Amino acid sequence: MIPSSLVALSYLFVTAPSFDVSRFPQDSCIAQVNPYLAPGGRNVYFTDKTCLDTLPIELLQVPGTHTRRVKTPKEELTRLLWVEREAVITNEPSGFVRKPLDTFFERLETMKTYSFGDAHDSQQYVLQGQSVVPHAEMLAHGHTYGLIAIHPSLEAVFDSLLPIHWRGSLLPEFHTAQVPVPSAAIERVRLIRDSVKFDPVVASLVNNISVPQMKNDIRFLTGEDEKSGILSRHSFSSGIRVAAAWIKERIEETGATCDLVPFLPGFGPNVICKYPSTVNTTETVLLSAHYDSRGSFGSTRAPGGDDDGSGTISILSIAYAIARREISFRKNVELCLFAGEEQGLLGSRAYAKELRSVGADLTLMVQADMLAYHAAGEPAQLGLPDLIGTPEVTQLVANLSAIYSPELSVGFTPACCSDHQSFHEQGFPSTQVFERAGPIADPMYHNSGDLSDREGYDFEQVKSIAKVQFATLLHATGFDLPSEDD
Ligand SMILES: *[C@@H]1O[C@H](CO)[C@@H](O)[C@H](O)[C@H]1NC(C)=O
Ligand SMILES: *[C@@H]1O[C@H](CO)[C@@H](O)[C@H](O)[C@H]1NC(C)=O
Ligand SMILES: *[C@@H]1O[C@H](CO)[C@@H](O)[C@H](O)[C@H]1NC(C)=O
Ligand SMILES: [Zn+2]
């Protein structure tokens, strides 16, 4: 188990997000350690004092890198949680001094006095009828990150304990080395990128995405349409299972084959849908979003209208258009809706690992996470990742945006890291599409008020970005339509 073995190493070496790890001398002890790539792009090395003492002093002093002593947690706290502040616009005065992670421990105290049971249909605090054990310990921290040991029962709820604008991810039990994207795979993306030019057929297909249909779908997923009965799509809620079955059915109606694939006990499943290729090839193009969500502390609602209901409806809207226009593809296509994203990319991590272990041949993948919101007065936008992902895939997406959705202002975002990171770690070409060229600005981010019927939720922007995802799919696969006289 990691906590005892890793924590026994007793020191953390934490890099800045943009730190080039090839600066470590090849023969140094730290170069032998597989770091944990935290959401946000920091590399976290579990090491010991002896090793740190041998590192060149100028590496230890690079701005943004830290060394931290790690406490040894109580034995029953067997899960390690990495938490960090996200790139979100806030009105906090600069220089405002506080310890945001105190909130986590205060909320934990509140939970100890919570009454569990069905009278309190608080899906966020009841794990399949079992109450959680609210024990955790801070092992090491900086101003914007922390390493916390938690009781395993908190796996299901830690996200709602975190202060707003902080996210957490469970450390995988074993570190696996990051697999670099092979140069042949990058070259393949380059060829696609360099060959794109306006195709009127693609333009007509991507314009088939229907906004009224997206409006219906999001209302079902958020429970704004009360008929759905969904209060929450938190990974452990009953609502996520309703959503999973419904998404599977919707995408199967478009001619795909879908499976609900469990990845960890208690979590809602991944929804994995496939369209076969008309050509004999192993190449596969994958579009994804996460359909789980997160709400406010103390609330049973987690509607996830923007995060990531918007990405989910973008995938559904593409599936509907595939069916309406009877498109067949010259490569394999997968549409995936992941769960467990809010607990640290857990669903996608399991799936990407599985794909790597069976030698899957992914041409590229694009994750859609938060597509709907922009502040009043801002134009419709498309944000692309500045750190995590394959630059060639990101450029391809930017180029296709300029061609098919010129209404979008394209730029980079530090908003970091969604399920594409899981594919990036496994050496698959990947990128993400996001709603803003800049940090997260949605005031309802990770909030129980994340509904679709509110100011700033822009369906036209969702459509514009979905057009880009769809165009990426069509250009990367090649496709056929029924002939006129059929
Ligand atoms: C999409 O294409 C179908 C079939 O050609 C057509 O009936 C439908 O009106 C189109 N929808 C949109 C939103 O363009
Ligand atoms: C598909 O291609 C593979 C590899 O080239 C080949 O081994 C296989 O026989 C082909 N399958 C069919 C149905 O043509
Ligand atoms: C594609 O993107 C690259 C880099 O962003 C840019 O230099 C190039 O001009 C773009 N090409 C087209 C056809 O838009
Ligand atoms: Zn998200």
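Small disclaimer: the values here were computed from a predicted structure and weren't measured. Values below: all heavy atoms of this structure, side chains included; hydrogens, waters and symmetry mates excluded.
- Checked against the 6.0 Å centroid criterion, the rings of Phe479 and Tyr275 do not qualify as a close aromatic pair.
- Using a 4.5 Å heavy-atom threshold, the side chains of His420 and Met365 count as touching.
- Checking Ser288 against Gln367 by side-chain atom types alone, a donor-acceptor pair falls below 3.5 Å.
- A 4.5 Å side-chain heavy-atom check between Val271 and Leu260 finds at least one atom pair inside the cut-off.
- At least one side-chain heavy atom of Asp199 sits under 4.5 Å from a side-chain heavy atom of Tyr404.
- Within a 6.0 Å sphere centred on NE2 of His66, other residues, nucleotides and ligands contribute more than 12 heavy atoms.
- Between Pro262 and Pro269, the shortest heavy-atom contact is N-CB, 4.0 Å.
- A donor-acceptor pair under 3.5 Å links the side-chain atoms of Arg233 to the main chain of Gly304, judged by distance alone.
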Take Glu342 and Ser235 through the side-chain contact (heavy atoms from CB on, under 4.5 Å) test and state the conclusion after the steps.
CA-CA 8 Å; Glu342 300 292 2; Ser235 278; 6.0 Å; no
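- Atoms CG and OH, on Asp306 and Tyr373 in that order, are 9.5 Å from each other to the nearest 0.5 Å.
- Side-chain atoms of Trp82 and Arg42, non-hydrogen and from C-beta on, do get closer than 4.5 Å to each other.
- Looking at Thr254 and Tyr320, their side chains come closer than 4.5 Å, going by heavy atoms from C-beta outward.
- A cation-pi arrangement is present between Arg356 and Phe428, with the terminal nitrogen or guanidinium carbon under 6.0 Å from the aromatic centre and inside a 45° cone about the axis.
- Salt bridge annotation for Lys331-Asp361: absent, with no cationic side-chain nitrogen under 4.0 angstrom from a carboxylate oxygen.
- Contact check on Arg167 versus Glu341 returns a salt bridge, with a Lys/Arg side-chain nitrogen under 4.0 Å from an Asp/Glu carboxylate oxygen.
- You'll find the side chain of Glu435 reaches within 4.5 Å of the side chain of Asp442, heavy atoms only.
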Pair Phe459-Tyr457, ring pair (Phe, Tyr, Trp, His ring centres under 6.0 Å): steps then yes or no:
CA-CA 7 Å; Phe459 283 96; Tyr457 196 106; 5.0 Å; yes
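- Distance alone, capped at 3.5 Å, places no donor-acceptor pair between the Arg193 side chain and the Gln395 backbone.
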What verdict does the salt bridge (Lys or Arg N to Asp or Glu O under 4.0 Å) test give for Glu187 and Arg190, after you've listed the backbone C-alpha separation in whole Å, the side-chain angles of each residue and the deciding distance to 0.1 Å?
CA-CA 5 Å; Glu187 190 49 39; Arg190 250 188 225 129; 2.8 Å; yes
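- Panel note: side chain Thr363, backbone Glu283; no donor-acceptor pair is recorded below 3.5 Å.
- Put simply, the side chain of Lys467 never gets that close to the backbone of Ile209: no donor and acceptor are under 3.5 Å apart.
- Relative ring orientation between Phe13 and Tyr45 is described as tilted, the plane-to-plane angle lying within the 30° to 60° band.
- With hydrogens and angles disregarded, no donor-acceptor distance shorter than 3.5 Å links the side chain of Arg436 to the backbone of Ala441.
- When atom types are taken as modelled, the side chain of Thr222 and the backbone of Pro303 share no donor-acceptor pair closer than 3.5 angstrom.
- The closest side-chain heavy-atom distance from Arg330 to Asp480 is below 4.5 Å.
- The closest donor-acceptor contact from the side chain of Gln421 to the backbone of Leu37 lies under 3.5 Å.
- Here the side chain of Gln426 pairs no donor or acceptor atom with the backbone of Val179 at under 3.5 angstrom.
- A heavy-atom distance below 4.5 Å is found between the side chains of Thr312 and Leu221.
- In summary, the side chains of Ser464 and Glu407 do present a donor paired with an acceptor at a separation below 3.5 Å, with no hydrogens or angles considered.
- Heavy atoms from other residues, nucleotides or ligands lying under 6.0 Å from CD of Glu58 number more than 12.
- Residues Thr394 and Thr431 bring a donor and an acceptor atom of their side chains to less than 3.5 Å of each other.
- Disulfide status for Cys336 with Cys273: absent, SG atoms not under 2.5 Å apart.
- Separation of the Phe267 and Phe236 ring centroids falls under the 6.0 Å cut-off.
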